[in-house]
Amino acid sequence: MNEPDQRSGCAMIRYDTQDGLAVISFDNPPVNGLGWSTRRAVVEALDRAAADSRVTAIILTGSGRVFSGGADIREFNTPKSMQAPTLHDLLAAVESSSKPVIAAINVLALGGGLELALCAHYRVASPDSEVGLPEVKIGLLPGAGGTQRLPRAVGLERALNMIVSGAPVRAKELAGKRLFDKIIERDLLAGALAFARDVGARSGPHPRIRDLKVEHPNADGFLEVARGAVAAAAKNFPAPLKCIDAVAASVKPFEEGLREERAGFLALLETSESKSLRHAFFAERTAGKLRDASPEVKPRSVSHIAVIGAGTMGGGIATVFLNAGFPVTLLEAGQEALDRGLKTIRSNYDGSVKKGRLTAAQKDERLARLRPTLSYDELRRADLVIEAVFEEYATKEVVFGKLDAVARPGAILATNTSTLDVNRIAAITKRPQDVLGMHFFSPAQVMRLLEVVRGAKTAPDVLATVMGLAPKIGKVAVVSGVCDGFIGNRMLEPYFRQAFFLLEEGALPEQVDRAVEKFGFAMGPFRMSDLAGNDIGWAIRKRRAKERPDLPSSKVADLICERGRFGQKTGGGWYDYKPGDRTAHSSPAVTEMVSEYSRSTGLPARRIADEEIVERLVYALVNEGAHILEEGIAARASDIDIVYLNGYGFPLFRGGPMFHADTVGLYNVVRSMRRFARGYQGGVWKPAPLIERLAEAGGTLNGSTS
Ligand code: NAD
């Protein structure tokens, strides 16, 4: 191979020639995204290869770790994404090349990356490389010919499955399809060069996927079944059905299908669902970035984990780290509690094996890395210790006192507290800079959200370490400042206050839940409270009543608790439950109790519209979120959205509470709040100053901070 030729003058690709073959390698880390500079460089390289009479064939491949991950997300929503040469221009340049173009797919070709490869005349790939069209995951369809060429290359059914699911498929699973001309087992580039030499010697024209026909014995029947299945599963998302429409058009003449694909793509681009999904996609990437990150801050190394407390959370947190490959020491106060905790961890793993999610060997390997103990001496080697003992300051004080004595210097000490003051916990130790909160959600091994609570003295490298660790343990982390309830639970308080006021005004729990679930929440407030335990909210309300006697609160939820109706765990809460069954059944006793309480308020009876229920609950979240933002507890509105999407069942197709408020329009949100302020217990409705300001200026919560 020749030295990379600097005359290409562009760092986004490498251009090499060897024995009459040109090799164009994308070089745009991290995933060789097809941004404007890369597109331009490839088009220029193609022109150069065309003009070089010695070149007989052109190989397109990816340098670094992948072929191409598709569009360069750094250019999303910027004019550059549509600047010539566009992706379509690049694809056309490849497809119309007079010299054969061979795409040599290494590791990954996704989205536009695969669409580009589909325009090459030939494709070769390593067997484990993955190809896919994931656009549906951001509410779109592949808009650069993918819906037309993939069915021609792998068949209608396979293409439809790939496009509707967005899931990548290994090249070896597609061996024998028209997509790949050759699967190359060993050195991909050497194999690609040999292949290119061969096809370069052939006379043209070279094959184009667009010239193939989609054959299916019963396309209409198949598509009808697919539409039925997808319509049921995709409920609030229009993209999967539009994907089917586009794939269906692949049986038509190519250009006609392409036009239908384009129309579908443009229609989806404007839907609020796609906008929400794209917001969530970027919000998740942004959440991991520290606002005040500095290149001088180097994360600490973390390889040994210790967890204190083997209860609900401790057991789950230990499992999270075992699953991610870490050795975990699990400490308890007594043998019995330790045995109980271990039994739960084991039986959860057994369940996973039974369901086929894990092999028995994987289970054994994970459990072998778990080291149960009763002795703090065993924690001396830990790099990160996570405390998950009882939610009492006195217990935490004992634990952090002991930890301070044994943990090695530089070890990170985290608390999983939900409600206690992380600064106060840090102050128990002589190393508050090493202390922070890691607020996992229950069940910890399932829920993706992790609130990382930054104490007043938490060192930047401690924060950076934990934020860097989050993706390695499969979590999406959001930084929260210290305040009561952090981001997520703090917002629940006004949300529940509204839910209870609605009962006083004549609504029933099932009506409130139904309205909110129709809006898209995974669970309404009353079902959620029954699941978490009504006694937890009761205890918090009692504490808050002392701290904030000025805030009006409803007694209706206390009545439920006074009757011992704590929720699913007591067989009844806002609903009735049958033993061993989590299905919520309306409770005549609760209906009677709520109605009686409502009558006692002396309010005139009125039918509360679902729209009002939803607005009052969601805007209560939004308003508290705005306070959280203004106080700097959350760095960005999108961080708050990530918390609610991943920890509280907020509907993804609405993008999170803050994005939803932006979509509705802050002017309209403030108007509704003012209307609520004139209603029952209206005193709690004071639009947060940030919202008022933005509404006045025509701004958005997300635009204000990100
Ligand atoms: P839990 O009662 O299920 O478990 C607590 C465990 O800590 C028990 O096994 C207990 O034996 C052990 N323990 C008590 N004192 C100890 C000591 N001195 N040393 C070692 N172990 C000790 O409680 P949980 O629900 O797992 O909650 C633990 C922490 O996680 C609390 O701070 C809680 O606020 C927080 N949290 C709970 C949830 C939740 O949904 N349960 C969610 C997020 C955070």
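Everything quoted here is computed from the prediction, not taken from an experiment.
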Gap between atom [atom2] of [Y] and atom [atom1] of [X] - 0.5 Å precision:
{"X": "Asp364", "Y": "Thr359", "atom1": "CG", "atom2": "OG1", "value": "8.0 Å"}
{"X": "Leu420", "Y": "Asn423", "atom1": "CG", "atom2": "CG", "value": "12.0 Å"}
{"X": "Asp639", "Y": "Leu629", "atom1": "CG", "atom2": "CG", "value": "9.0 Å"}
{"X": "Ile305", "Y": "Leu370", "atom1": "CD1", "atom2": "CG", "value": "12.5 Å"}
{"X": "Leu140", "Y": "Leu133", "atom1": "CG", "atom2": "CG", "value": "12.0 Å"}
{"X": "Leu436", "Y": "Ile425", "atom1": "CG", "atom2": "CD1", "value": "11.0 Å"}

With sequence neighbours left out, which residue pairs that include part of residues 379-430 fulfil the ring-ring contact (aromatic ring centres under 6.0 Å, His included) condition?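 As it turns out, there is no ring-ring contact (aromatic ring centres under 6.0 Å, His included) pair with a partner in residues 379-430 once direct neighbours are skipped.
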Can you pull out every ring-ring contact (aromatic ring centres under 6.0 Å, His included) where at least one residue sits in residues 443-473? Sequence neighbours excluded, please.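 Checked against ring-ring contact (aromatic ring centres under 6.0 Å, His included) - neighbours excluded - no pair reaches residues 443-473.
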How about [X] and [Y]: do any of their side-chain heavy atoms sit closer than 4.5 Å?
{"X": "Thr465", "Y": "Ile412", "result": "yes"}
{"X": "Leu330", "Y": "Ile345", "result": "yes"}
{"X": "Phe321", "Y": "Arg369", "result": "no"}
{"X": "Lys172", "Y": "Asp128", "result": "yes"}
{"X": "Val516", "Y": "Phe526", "result": "no"}
{"X": "Phe326", "Y": "Leu469", "result": "yes"}
{"X": "Arg381", "Y": "Thr329", "result": "no"}
{"X": "Leu645", "Y": "Glu284", "result": "no"}

What residue among Arg541, Arg544, Arg543 forms salt bridge (Lys or Arg N to Asp or Glu O under 4.0 Å) with Glu493?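 Testing each of Arg541, Arg544, Arg543 against Glu493, the sole residue satisfying salt bridge (Lys or Arg N to Asp or Glu O under 4.0 Å) is Arg544.
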Might you confirm whether atom [atom1] of [X] has over 12 heavy atoms from other residues, nucleotides or ligands at distances under 6.0 Å?
{"X": "Lys472", "atom1": "NZ", "answer": "no"}
{"X": "Arg371", "atom1": "CZ", "answer": "no"}
{"X": "Lys457", "atom1": "NZ", "answer": "no"}

Do you know which two heavy atoms are closest between [X] and [Y], and how far apart they sit?
{"X": "Ala382", "Y": "Val385", "answer": "CB-CG2, 3.9 Å"}
{"X": "Cys561", "Y": "Asp535", "answer": "SG-N, 4.3 Å"}
{"X": "Ala324", "Y": "Ile473", "answer": "CB-CG2, 3.8 Å"}
{"X": "Gly573", "Y": "Asp530", "answer": "CA-OD1, 3.3 Å"}
{"X": "Ala125", "Y": "Leu188", "answer": "C-CD1, 3.7 Å"}
{"X": "Leu290", "Y": "Ala464", "answer": "CD1-CA, 3.8 Å"}

Within the side chain of [X], is there an N or O that forms a donor-acceptor pair under 3.5 Å with the backbone of [Y]?
{"X": "Asn416", "Y": "Ile386", "result": "no"}
{"X": "Glu391", "Y": "Thr419", "result": "yes"}
{"X": "Arg582", "Y": "Tyr577", "result": "no"}
{"X": "Asn236", "Y": "Phe653", "result": "no"}
{"X": "Ser165", "Y": "Asn161", "result": "yes"}
{"X": "Tyr648", "Y": "Asn489", "result": "yes"}
{"X": "Asn32", "Y": "Ser63", "result": "yes"}
{"X": "Lys475", "Y": "Ala444", "result": "yes"}
{"X": "Glu517", "Y": "Gly524", "result": "yes"}
{"X": "Arg448", "Y": "Val476", "result": "no"}

Please lay out, stage by stage, how Asp576 and Arg565 fare under the test salt bridge (charged side-chain N to carboxylate O under 4.0 Å, His left out). CA-CA 9 Å; Asp576 288 337; Arg565 297 186 66 103; 2.6 Å; yes
Could you label the plane-to-plane angle of the Phe441 and His439 rings as parallel, tilted or perpendicular, counting under 30° as parallel and over 60° as perpendicular?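 If you compare the ring of Phe441 with that of His439, the planes turn out tilted.
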Specify whether Tyr644 and Phe650 have parallel, tilted or perpendicular ring planes, treating 30° as the upper limit for parallel and 60° as the lower limit for perpendicular.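 Ring orientation of Tyr644 relative to Phe650: perpendicular.
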Would you kindly say whether [X] and [Y] are connected by a side-chain donor-acceptor distance under 3.5 Å?
{"X": "Tyr349", "Y": "Asn323", "answer": "yes"}
{"X": "Ser274", "Y": "Arg278", "answer": "yes"}
{"X": "Ser375", "Y": "Glu378", "answer": "no"}
{"X": "Asp383", "Y": "Ser303", "answer": "yes"}

I'd like to know if Arg490 pairs up with Glu451 as an ion pair, taking the criterion as any Lys NZ or Arg NE/NH1/NH2 lying under 4.0 Å from an Asp or Glu carboxylate oxygen.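 Answer for the salt bridge query: no.
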Assess whether side-chain contact (heavy atoms from CB on, under 4.5 Å) is satisfied between Ile633 and Ser480, documenting all intermediate values. CA-CA 5 Å; Ile633 297 293; Ser480 169; 3.6 Å; yes
Apply side-chain contact (heavy atoms from CB on, under 4.5 Å) to Met528 and Leu492, showing your working. CA-CA 11 Å; Met528 178 177 167; Leu492 276 187; 3.8 Å; yes
Please assess Met658 against Asn702 for the test side-chain contact (heavy atoms from CB on, under 4.5 Å), listing each intermediate value before the final yes or no. CA-CA 7 Å; Met658 311 308 265; Asn702 277 285; 4.3 Å; yes
Using the side-chain contact (heavy atoms from CB on, under 4.5 Å) rule, take Glu624 and Tyr495 through it: C-alpha gap first, then chi angles, then the decisive distance, then the call. CA-CA 9 Å; Glu624 194 64 31; Tyr495 173 84; over 6 Å; no
Apply the test salt bridge (charged side-chain N to carboxylate O under 4.0 Å, His left out) to residues Lys402 and Glu387: give CA-CA distance (whole Å), side-chain angles for both, the deciding distance (0.1 Å), then the verdict. CA-CA 12 Å; Lys402 287 187 184 164; Glu387 165 278 311; over 6 Å; no
Qualifying residue for side chain to side chain contact (heavy atoms under 4.5 Å, CB included) with Leu384, from Met438, His304, Arg300: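 Exactly one option meets the side chain to side chain contact (heavy atoms under 4.5 Å, CB included) with Leu384, and it is Met438.
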